[in-house]
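Basis for what follows: all heavy atoms, side chains included, without hydrogens, waters or symmetry-related copies.
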Amino acid sequence: MKRVIISIFLVLFISCASFGKKLIAEGTSFTKLGNFRIESSDAPVILNGQELETYQIIYLNSGDCLTVVLEKDRDCMKYVTMSEKLSVQYVCHGTYFGVERLTDENSIKGITTSDEHMNRTAYFHQRVITSGKNDQITNLKLIGAYFPELLKSEPSA
């Protein structure tokens, strides 16, 4: 009987673990949103017939979630970052990594950058976050740390 119970428990544990999202990295945003977790997403985005890698950045103090879609361009990697209030793209050229407004190509797909919720001062400070070339995990951690600064703070009552 013990073997049956242990076997059932082991099967349930393995099946629950296999359905969970894979933790990629963790970090701190140094904002009121607090620490964040980067997880791989189970639902990749399909654009122009290509399946693109998708990640979720979850902020622990707010429950807010960012969706980051990786799009390989000719010369760079684009990290299209979407939240409920704001969508931008972070671009990694060989010489720098920084934020940009979404291109007209993305606006055709229904994703645009709105100035209504964007902190323009933070946007211009993030045009170049780092120089040189970073790996994908480092860039995702930079997005998790810097993106909350782009959100315009709500006026208090």
Side-chain angles (χ1 to χ4, degrees), residues 16-155:
C16 289
S18 66
F19 289 117
K21 295 179 181 178
K22 183 181 174 190
L23 176 67
I24 303 298
E26 295 179 314
T28 305
S29 69
F30 300 108
T31 65
K32 65 180 180 177
L33 298 181
N35 296 342
F36 60 87
R37 297 171 45 97
I38 302 171
E39 299 176 348
S40 61
S41 178
D42 295 336
V45 172
I46 298 175
L47 289 176
N48 301 330
Q50 289 184 323
E51 187 175 296
L52 303 176
E53 284 183 82
T54 307
Y55 294 92
Q56 300 288 325
I57 300 177
I58 299 133
Y59 292 95
L60 302 179
N61 289 350
S62 71
D64 285 351
C65 182
L66 295 178
T67 301
V68 181
V69 178
L70 276 60
E71 188 175 357
K72 179 78 172 146
D73 202 6
R74 289 182 309 214
D75 302 329
C76 65
M77 177 73 81
K78 293 181 182 179
Y79 298 79
V80 179
T81 307
M82 300 170 285
S83 73
E84 286 183 24
K85 295 182 179 179
L86 182 64
S87 297
V88 293
Q89 68 183 5
Y90 287 86
V91 179
C92 178
H93 293 283
T95 56
Y96 72 91
F97 176 76
V99 71
E100 289 182 356
R101 298 177 67 83
L102 289 170
T103 60
D104 292 336
E105 177 182 312
N106 288 322
S107 65
I108 293 170
K109 299 170 191 167
I111 308 167
T112 58
T113 301
S114 168
D115 286 337
E116 181 181 351
H117 297 289
M118 184 192 302
N119 179 344
R120 293 185 56 80
T121 304
Y123 171 79
F124 287 113
H125 282 122
Q126 291 184 29
R127 293 286 296 178
V128 176
I129 295 173
T130 63
S131 59
K133 194 170 187 175
N134 297 320
D135 61 37
Q136 184 173 311
I137 303 294
T138 302
N139 288 339
L140 287 169
K141 288 172 77 173
L142 288 169
I143 291 169
Y146 281 92
F147 183 83
E149 295 175 6
L150 288 178
L151 296 172
K152 192 180 282 185
S153 60
E154 301 297 324

Keeping [X] on the side-chain end and [Y] on the backbone end, is there a donor-acceptor pair under 3.5 Å?
{"X": "T28", "Y": "N35", "result": "no"}
{"X": "Y123", "Y": "R101", "result": "yes"}
{"X": "T113", "Y": "S87", "result": "yes"}

Note, [X] side chain near [Y] side chain (heavy atom, < 4.5 Å):
{"X": "Q56", "Y": "I38", "value": "no"}
{"X": "T31", "Y": "E149", "value": "yes"}
{"X": "F97", "Y": "T138", "value": "no"}
{"X": "Y79", "Y": "L70", "value": "yes"}
{"X": "N139", "Y": "M77", "value": "no"}
{"X": "Y90", "Y": "Q126", "value": "yes"}
{"X": "K32", "Y": "N61", "value": "no"}

Contact summary for [X] and [Y], nearest pair of heavy atoms:
{"X": "S29", "Y": "G144", "answer": "CB-O, 3.8 Å"}
{"X": "T130", "Y": "N134", "answer": "OG1-ND2, 3.0 Å"}
{"X": "L86", "Y": "S114", "answer": "CD1-O, 3.5 Å"}
{"X": "Y55", "Y": "S40", "answer": "CD2-CA, 3.7 Å"}

Applying side chain to side chain contact (heavy atoms under 4.5 Å, CB included) to K72 and Q50, what does each step give before you reach the verdict? CA-CA 11 Å; K72 179 78 172 146; Q50 289 184 323; over 6 Å; no
State the [atom1]-[atom2] distance between [X] and [Y], to the nearest 0.5 angstrom.
{"X": "T54", "Y": "M82", "atom1": "OG1", "atom2": "CE", "result": "7.5 Å"}
{"X": "K141", "Y": "E26", "atom1": "NZ", "atom2": "CD", "result": "9.0 Å"}
{"X": "F36", "Y": "L60", "atom1": "CZ", "atom2": "CG", "result": "9.5 Å"}
{"X": "E116", "Y": "K85", "atom1": "CD", "atom2": "NZ", "result": "10.0 Å"}
{"X": "L66", "Y": "I143", "atom1": "CG", "atom2": "CD1", "result": "8.5 Å"}
{"X": "R37", "Y": "C65", "atom1": "CZ", "atom2": "SG", "result": "11.5 Å"}

Could you go through the side-chain hydrogen bond (donor to acceptor under 3.5 Å, both in side chains) check for Q89 and E100 one step at a time? CA-CA 5 Å; Q89 68 183 5; E100 289 182 356; 3.3 Å; yes
How far apart are the C-alpha atoms of V99 and F147, what are their side-chain angles, what is the distance that settles it, and do they pass the side chain to side chain contact (heavy atoms under 4.5 Å, CB included) test? CA-CA 9 Å; V99 71; F147 183 83; over 6 Å; no
